[in-house]
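Below: the structure, in structure tokens.
None of the values given here were measured: they were computed from a predicted structure. So that the names make sense, note that chain A is the first sequence line, chain B the second, and so on, each numbered from 1.
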Amino acid sequence: MRVLRAAGQVVFVVVLVVIAREMYLNASFALGSAGRELSYTYLDSRAGFGIKEHVLGYSPNQPLFKAFLAGATNAMLVAAIGIVMATVLGVLIGIARLSSNWMVKKIALVYVEVFRNTPLLVQVIFWYVAVILAIPRIESSVSVFGLAFVSNRGAALPGIRSGADFGTWLLFVLAALPVAATVWRWRSRVHERAGEPHYRWLLSLGVVAVLAGAGYVLLGDAFRVELPELSAHGYSGGLQISPEFAAILVALVVYTAAFIGEIVRGSIMAVSKGQKEAAQALGLSPGQQLRLVVLPQAMRVAIPPINNQYLNLWKNTSLAFAVGFPDLINISTTMVNQAGHALETFSLVVGTYLGTSLLISVAMNALNRAVALRGDTA
Amino acid sequence: MHSLAAKKTLALVFALAVVAMACTREEEGGGGGAQGETQAAQADETTLLDEIKQRGTLRCGVNNTVPGFGFDPGTGEIEGFDIDFCRAFAAAVLGDSEAIELVPIDADNRFIALQNGDYDVLVRNTTWTTSRDGAEGVAFMHVNFYDGQALMVRKGDFASIDEMDGTNICVTTGTTTELNLADYFGARDLDFEPIAFEENPQLQRAFISGRCDGWTSDRSQLAGIRSQWPEEEGGPESLIIFDEVISKEPLAPGVLDTEIELHDALDAVVNGLILAEELGVTSANVEETAEDPGEGPVAALLGAPVLDPETGESAPIDSGLGISNDFMIDVISAVGNYGEIFERHVGSESDLELERGINALWTDGGIQYAIPFR
């Protein structure tokens, strides 16, 4: 029977390979009959078009490959920030759904049903057109004590610029880490032996803060806080958030959080009632019950379905094209129109989405293994 | 018994696998040659031009969002300058200007769809550029509209492009305008942020709300958009289009490089329409003229017998284009000459009210100059 199963898998692989080969042959035949061939050398030619936001730096004189990279990193930035924010909001929503407070419970319910049951594309356009573009124009920018500005050209916040000694300063921070870890272990030991409060978070972070602060004072030019300035048509300096970035980020976070909220709610409910009652019997406060007993167990149930939501969030960044955010799709369509090679460009797009999705899955599987129930040895 | 069944299944599975591999290998050996032969055979037997004649309809890839060029005004029928060229092509190839199938296609997908054979002719305000000629494999015909990229702003914001340093400019993705914008601003050391939208409606919302300072596109498109500008947003009067030409945008119909027969036949139609204007043949007088065309260039255009100065005999010119000699009669009866199409959709008789400008005939100070029919 085992041989049979193995053989079945061999056949499956053979069929897959044959199909993949057919697809490749078909594509190159189609290109061949139109007098062209598959080639990626076009990526070295000058891009020529502007991209307003980029993580790694970009100018129109750089090759197309850099433009593609700018699009990919823009999408990844949205996804990375979006995943963190959606998780926090989702956990809060999930807990609120189970709140004993009627009002909180109903608000969370309405939130989930509204955002889970409308198309994401509609939400993206709604956030952009109806909410963000409706913010006052640049001429009447809202100023927050002159430190930050908001208008429908974006938000500008105080930002941090690295100085000449930034690298050296990082060494101070790195040196602080083992010291902090030692403090952590020491406080944990004291706590376990003597039952004194451990304060290990406070003390470890304190060590890092003191060392980093000392480094900053000693070096003089580790980093500076830069305030944004208002110019005629926009902002300069500081940390700037474009309206398009904000629209896609808010839409993805709000939408995905609705799903994560439901997963968290289900996972909490999956924790046996006896666990909570036992925690109560031990005299833990409601917050402690949730934080120390219920959530750690709920997490085991929640991680695999939350992984799906992270993957969805990453793939849904492609909807950014609807609001003019230069994501992977936006840049790729521009590339295709300027330089041709649609098949090659979109094969890269597929590869980027697939590769990043697999990375997210690998990370989530590792997390899943880390929190899984272990055998007796634990 | 159990193990026997398992063995039989196993044998079957292996047999299938072997067959699958054999198939693959067979193709590998003879595949290239066979494919090459098929291709050659196809080239010998049926061209796309023949296929269109057999099919009885011509499929045009068109725009349905640009007023004047290709737009559905709410009647369910797309009309415009480009659509009339599609009609002219159908009249020439099939003798019936209504034998068309309009395939609305967006800027991003037009070339992929053409390569894919989703339609026969691209008549969708498409700029003729070298990379589209080469990498996209498009064979462009005579330019049917010399356009130029322009910039539209709210009246009173800026006096010229040189004042627009550090501004936000809205642009549609998948157009050559993105490229030209960077070059034009770069050459003048002006800083700008491009905001590239997939769809014009979102772009229009962003422009109205003040997200962007300028809107750049082909002058003809901007004129169309401006003509339809909502009154509650100030109407067409609230916008100005700068005279500065950011780039040359020669718009031309095109077919696939491999369909040279179709290209040549349709190219003759574009040239014929321009020549008809030059020779004064209009939709109103074409019937009459065809009855008594004389023996000069008008006769040549309409496929009537012309005098051969060498032999002294009169005979219709067979241009060998694979379509009837008198195709221009059907074309002009259906859509008129170039000037008529222009005025009807984008000129004085339309909302766009574009001047002929460089699209005037070479005899009138423009650059529209058609090849002779002989």
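Contact between B/Ala252 and B/Met141 at its shortest, heavy atoms only, is CB-O, 3.5 Å.
Here the two rings, on A/His341 and A/Phe346, have centers that are 6.0 Å apart or farther. Separation of the A/Phe325 and A/Phe245 ring centroids falls under the 6.0 Å cut-off.
With chain A as the partner, the residue from B/Glu193, B/Glu259, B/Gln202 showing the most heavy-atom pairs under 4.5 Å is B/Gln202. Of the listed residues B/Ala182, B/Ser131, B/Pro194, the one with more heavy-atom pairs under 4.5 angstrom with chain A than any other is B/Pro194.
Of the N and O atoms on the side chains of B/Glu136 and B/Gln115, at least one donor lies less than 3.5 Å from an acceptor on the other residue. B/Thr47 and B/Asp50 share a donor-acceptor pair across their side chains, judged by distance under 3.5 Å alone. In this model, no donor atom of one side chain and acceptor atom of the other lie less than 3.5 Å apart for A/Thr256 and A/Asn312.
Taking the ring axis of B/Phe207 as reference, the NZ or CZ atom of B/Arg154 stays within 45° of it and closer than 6.0 Å to the ring centre. For the pair B/Arg188 and B/Tyr184, the cation sits on the ring face: its NZ or CZ lies under 6.0 Å from the ring centre, inside 45° of the axis.
Between A/Arg153 and B/Asp213 there is a salt bridge, with a side-chain nitrogen of the basic residue lying less than 4.0 Å from a carboxylate oxygen of the acidic one. Between A/Asp44 and A/Lys66 no salt bridge is recorded (no basic side-chain N to carboxylate O distance below 4.0 Å).
When heavy atoms are compared at a cutoff of 4.5 Å, B/Glu198 approaches chain A by way of both its backbone and its side chain. In this structure, chain A has a heavy atom under 4.5 Å from the backbone of B/Ile208, while its side chain stays farther away. When heavy atoms are compared at a cutoff of 4.5 Å, B/Asn116 does not approach chain A at all. Heavy-atom distances place the side chain of A/Pro60, and not its backbone, under 4.5 Å from chain B. For B/Ser209, the parts lying under 4.5 angstrom from a heavy atom of chain A are both the backbone and the side chain. When heavy atoms are compared at a cutoff of 4.5 Å, A/Val17 does not approach chain B at all. Interface remark: B/Cys212 contributes backbone atoms only to the contact with chain A (heavy atom separation under 4.5 Å). Proximity to chain B (any heavy atom under 4.5 Å) is restricted, for A/Ala47, to the backbone atoms N, CA, C and O. Using a 4.5 Å cut-off between heavy atoms, A/Arg5 makes no contact with chain B at all.
Within residues 119-129 of chain A, the residues approaching chain B closer than 4.5 Å by heavy atoms are, in numerical order, A/Ile125, A/Tyr128, A/Val129.
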Between A/Ser347 and A/Tyr40, does a side chain to side chain donor-acceptor pair (under 3.5 Å) hold up when you go through it step by step?
CA-CA 10 Å; A/Ser347 70; A/Tyr40 287 88; 2.6 Å; yes
